[in-house]
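Structure, as structure tokens:
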Amino acid sequence: HAELVSSIASVLRPGGLSIHAVDLTCRGVNGFLESQIPLCQSFLAAHGVRENVGALAQRMLEDVETYWLPVTMYQQWRRGRPFGQYPWRLVGTMNVVCRRLG
């Protein structure tokens, strides 16, 4: 992720914003795609953001107002594959806004 962040910084003016919406699987069947949590952690670290993504996922699971990926989008991703190959999971969005300094 460091190379990605460096590339973003190279095109941003000082004070410019880098805005990202990252899908985050908070709960999957047998851990399906929960491997995204360390990837999201790496993404934040490369941006210099100190947030525990595992704790964020847990807060999302506990918050009754969390907006989860709708079933229609999940069905589109599944593309007719059996649930055994592509099981249901709770996917939220981690929104990240970073400002380039100096």
Side-chain angles (χ1 to χ4, degrees):
H1 292 114
E3 185 177 324
L4 170 68
V5 171
S6 176
S7 295
I8 292 169
S10 73
V11 297
L12 283 178
R13 295 180 188 157
L17 297 174
S18 174
I19 302 170
H20 310 273
V22 181
D23 289 335
L24 176 60
T25 297
C26 296
R27 181 180 293 146
V29 175
N30 297 322
F32 182 71
L33 284 179
E34 288 179 23
S35 61
Q36 289 179 325
I37 291 174
L39 290 172
C40 289
Q41 191 69 59
S42 171
F43 179 78
L44 290 183
H47 277 84
V49 176
R50 296 176 188 226
E51 175 70 39
N52 182 317
V53 176
L56 172 64
Q58 188 59 44
R59 287 194 312 271
M60 290 171 70
L61 288 167
E62 294 168 357
D63 187 343
V64 296
E65 294 185 359
T66 297
Y67 179 80
W68 300 107
L69 177 79
V71 173
T72 52
M73 192 67 223
Y74 170 76
Q75 292 290 33
Q76 183 177 339
W77 284 355
R78 197 167 72 94
R79 294 187 183 138
R81 290 177 279 187
F83 286 104
Q85 290 179 3
Y86 204 80
W88 174 254
R89 61 200 191 282
L90 289 176
V91 179
T93 300
M94 182 178 72
N95 297 303
V96 181
V97 179
C98 298
R99 182 180 305 276
R100 179 172 176 214
L101 303 175

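- For the atom pair Ile19 CD1 and Ile8 CD1, the distance stands at 11.0 Å (nearest 0.5 Å).
- Listed by chain and residue number, nothing satisfies the salt bridge (Lys or Arg N to Asp or Glu O under 4.0 Å) test with Arg100 (two or more places apart in sequence, or in another chain).
- In this structure, CG on Leu12 lies 6.0 Å from OG on Ser18, to the nearest 0.5 angstrom.
- For Tyr67 (side chain) and Gly92 (main-chain N/O), no donor-acceptor pair under 3.5 Å exists by modelled atom type.
- You'll find the side chain of Trp77 reaches within 4.5 Å of the side chain of Asp23, heavy atoms only.
- Gly54 approaches Gln41 most closely through the heavy-atom pair N-OE1, 4.4 Å.
- Within the 6.0 Å centre-distance limit, the rings of His20 and His47 are counted as a close aromatic pair.
- Within the model, atoms OG1 of Thr66 and CG of Leu90 stand 9.5 Å from one another, a figure rounded to the nearest 0.5 Å.
- Annotation: Arg81, atom CZ; neighbour count of heavy atoms from other residues, nucleotides and ligands within 6.0 Å is above 12.
- No side-chain heavy atom of Trp68 sits less than 4.5 Å from a side-chain heavy atom of Val91.
- Judged by distance alone, the side chain of Arg89 and the main-chain N or O of Arg27 form no donor-acceptor pair under 3.5 Å.
- Residues Met94 and Leu39 do not share a hydrophobic cluster, clusters being chains of Ile/Leu/Val/Met/Phe/Trp/Tyr side chains in contact below 4.5 Å.
- Rounded to the nearest 0.5 angstrom, Ser42 OG and Gln36 CD are separated by 13.0 Å.
- By the rule that hydrophobic residues join a cluster once side-chain heavy atoms approach within less than 4.5 Å of another member, Val96 and Val5 end up as members of separate clusters.
- From Leu24, atom CG reaches atom CD1 of Ile37 across 5.5 Å, with rounding to the nearest 0.5 Å.
- Within the 4.5 Å cutoff, side-chain heavy atoms of Trp88 are placed close to those of Val71.
- Across all their heavy atoms, Gln75 and Arg78 have their closest contact at OE1-NE, 2.8 Å.
- In terms of modelled atom types and a separation under 3.5 Å, the side chain of Ser6 and the main chain of Ala2 share no donor-acceptor contact.
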Practice task
Report the C-alpha distance between Phe43 and Val49 in whole Å, list the side-chain angles of each, state the deciding distance to 0.1 Å, and finish with yes or no for side-chain contact (heavy atoms from CB on, under 4.5 Å).
Solution key: CA-CA 9 Å; Phe43 179 78; Val49 176; over 6 Å; no
May I have the list of side-chain donor-acceptor pairs in residues 57-64 shorter than 3.5 Å, sequence neighbours left out?
{"from": "Gln58", "atom 1": "NE2", "to": "Glu62", "atom 2": "OE2", "distance (Å)": "3.0"}
{"from": "Arg59", "atom 1": "NH2", "to": "Glu51", "atom 2": "OE2", "distance (Å)": "2.8"}
{"from": "Asp63", "atom 1": "OD1", "to": "Glu65", "atom 2": "N", "distance (Å)": "2.8"}

